Amino acid sequence: MRIAILSDIHDHIPNLRTALSRLQGVEALICCGDLCSPFIINELAAGFQGAIHIVFGNNDGDRYRITLNALSRRDTIQVHRESASLLLGGKRIFVHHFNDMGRLVAAAGEHDVVCYGHNHDYELKRDREGAALQINPGTIMGWHPRKGDVPATYALYDTATGQAAIYDLEGKAIQVIR
């Protein structure tokens, strides 16, 4: 199963649409928070046909309406509040917005993959052999609070091969881990 991971959209519709257009053949999408506005649910639904799993970030202001929009698409979109523990493609996947919490959960060793965002820094890593693969897809927004403009990025993970990669919006792999 191929899974896309996005984070920190911050209402940036053009970058989101470009990223979604690159996800042909991807079966599930994980969003690690900071959609920001409820209308982003409509953009996700229009641009991605598979299952969508969302957790809230610290900039999701109208959580009620985000959830309400998702409920109208109950067959494809699930909002899991602050964290989610998913079983996708036979892999135990934990999702949270905050990178520090994601790293703590990854260290516990109870999941195969831990996805998080928040700091706008893309990253793929394993702390040790057999530990959870950590995926921070970076930011769809394309901006970093300390660095300014950065490449807008997203991640793809293949549950069958174990390969994960970070991509820019042109579809170029920036970082790959097997």
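Quick caveat: nothing in here was measured; it's all calculated off a predicted structure.
Summarising the geometry of Tyr116 relative to Phe98, their closest heavy-atom pair is CB-O, 3.8 Å, with the distance given to 0.1 Å. Nearest approach of Pro137 to Ala155, heavy atoms of both residues: CB-N, 3.8 Å. Closest non-hydrogen pair, Cys32 versus Gly117, comes out as CB-N, 4.0 Å.
Looking only at atom types and distance, the side chain of Thr153 has no donor-acceptor partner in the side chain of Asp168 under 3.5 Å away.
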* Verdict with reasoning, Asn69 to Ile77, per side chain to side chain contact (heavy atoms under 4.5 Å, CB included) -> CA-CA 9 Å; Asn69 282 356; Ile77 300 177; over 6 Å; no
* Given His120 and His10, is the ring pair (Phe, Tyr, Trp, His ring centres under 6.0 Å) satisfied, shown in steps? -> CA-CA 11 Å; His120 296 215; His10 293 280; 5.2 Å; yes
* Run the salt bridge (charged side-chain N to carboxylate O under 4.0 Å, His left out) check on Lys147 and Asp121 step by step: do they pass? -> CA-CA 10 Å; Lys147 301 173 187 172; Asp121 289 322; 3.1 Å; yes
* To do: Report the C-alpha separation of Asp60 and His97 in whole Å, then their side-chain angles, then the decisive distance to 0.1 Å, and conclude whether the side chain to side chain contact (heavy atoms under 4.5 Å, CB included) test is met.
  => CA-CA 11 Å; Asp60 294 318; His97 177 65; over 6 Å; no
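Taking SG of Cys31 as the reference point, atom CD1 of Ile40 lies at 9.0 Å (rounded to 0.5 Å). Atoms CG and CG, from Leu35 and Leu44 in turn, are 6.0 Å apart once rounded to the nearest 0.5 Å. Atoms CD and CD, on Gln49 and Glu27 in that order, are 13.5 Å from each other to the nearest 0.5 Å. The distance from the CG atom of Leu20 to the CD1 atom of Ile13 is 11.0 Å, given to the nearest 0.5 Å. Of the inter-residue distances, the one linking Ile140 atom CD1 with Asn15 atom CG reads 7.0 Å to the nearest 0.5 angstrom. Annotation: the span from His53 atom NE2 to Gln78 atom CD amounts to 5.5 Å, rounded to 0.5 Å.
A continuous path of hydrophobic side-chain contacts links Phe39 to Ile41 [ILVMFWY only; heavy atoms under 4.5 Å]. Residues Leu169 and Leu29 are members of one and the same hydrophobic cluster, defined by side-chain heavy-atom contacts under 4.5 angstrom among Ile, Leu, Val, Met, Phe, Trp and Tyr. Put simply, Met141 and Ile9 are part of two different groups of oily side chains (I, L, V, M, F, W, Y) that touch within less than 4.5 Å, one to the next.
Looking only at side-chain heavy atoms (C-beta outward), Ile52 and Ile54 come within less than 4.5 Å of each other. Residues Trp143 and His12 have side chains not in contact (no heavy-atom distance under 4.5 Å, counting atoms from C-beta outward). Using a 4.5 Å heavy-atom cutoff, the side chains of His96 and Val114 are not in contact. Residues Asn42 and Arg73 are in side-chain contact: their nearest non-hydrogen atoms beyond the backbone lie under 4.5 Å apart. Looking at heavy atoms from C-beta onward, Gln134 lies in side-chain contact with Arg103 at the 4.5 angstrom threshold. Counting heavy atoms from C-beta outward, Gln24 and Arg2 have side chains that stay 4.5 Å or more apart. Looking only at side-chain heavy atoms (C-beta outward), Glu43 and Phe48 stay at 4.5 Å or farther from each other. Looking at heavy atoms from C-beta onward, Phe56 lies in side-chain contact with Thr67 at the 4.5 angstrom threshold.
For Asp34 (side chain) and Cys36 (main-chain N/O), no donor-acceptor pair under 3.5 Å exists by modelled atom type. A donor-acceptor pair is defined here as one N or O able to donate and one able to accept, closer than 3.5 Å; such a pair exists between the side chain of Asp11 and the backbone of Ser37.
Alongside Ile174, the hydrophobic cluster contains Met1, Ile3, Ile5, Ile30, Val55, Leu86, Leu88, Ile93, Val95, Val113, Tyr122, Leu124, Leu133, Ile135, Tyr157, Ile166, Ile177 (criterion: ILVMFWY side chains under 4.5 Å).
Around CZ of Arg65, the count of heavy atoms belonging to other residues, nucleotides or ligands within 6.0 Å does not exceed 12.
Using cut-offs of 30° and 60° for the angle between ring planes, the Phe94 and His111 rings count as tilted.
Under the rule for a side chain to side chain contact (heavy atoms under 4.5 Å, CB included), the partners of Ala173 that lie at least two apart in sequence or sit in another chain are Tyr167, Val176.
When each of Thr139, Asn99, Asn58 is paired with His118, the side-chain hydrogen bond (donor to acceptor under 3.5 Å, both in side chains) condition holds for Asn58 and for no other.
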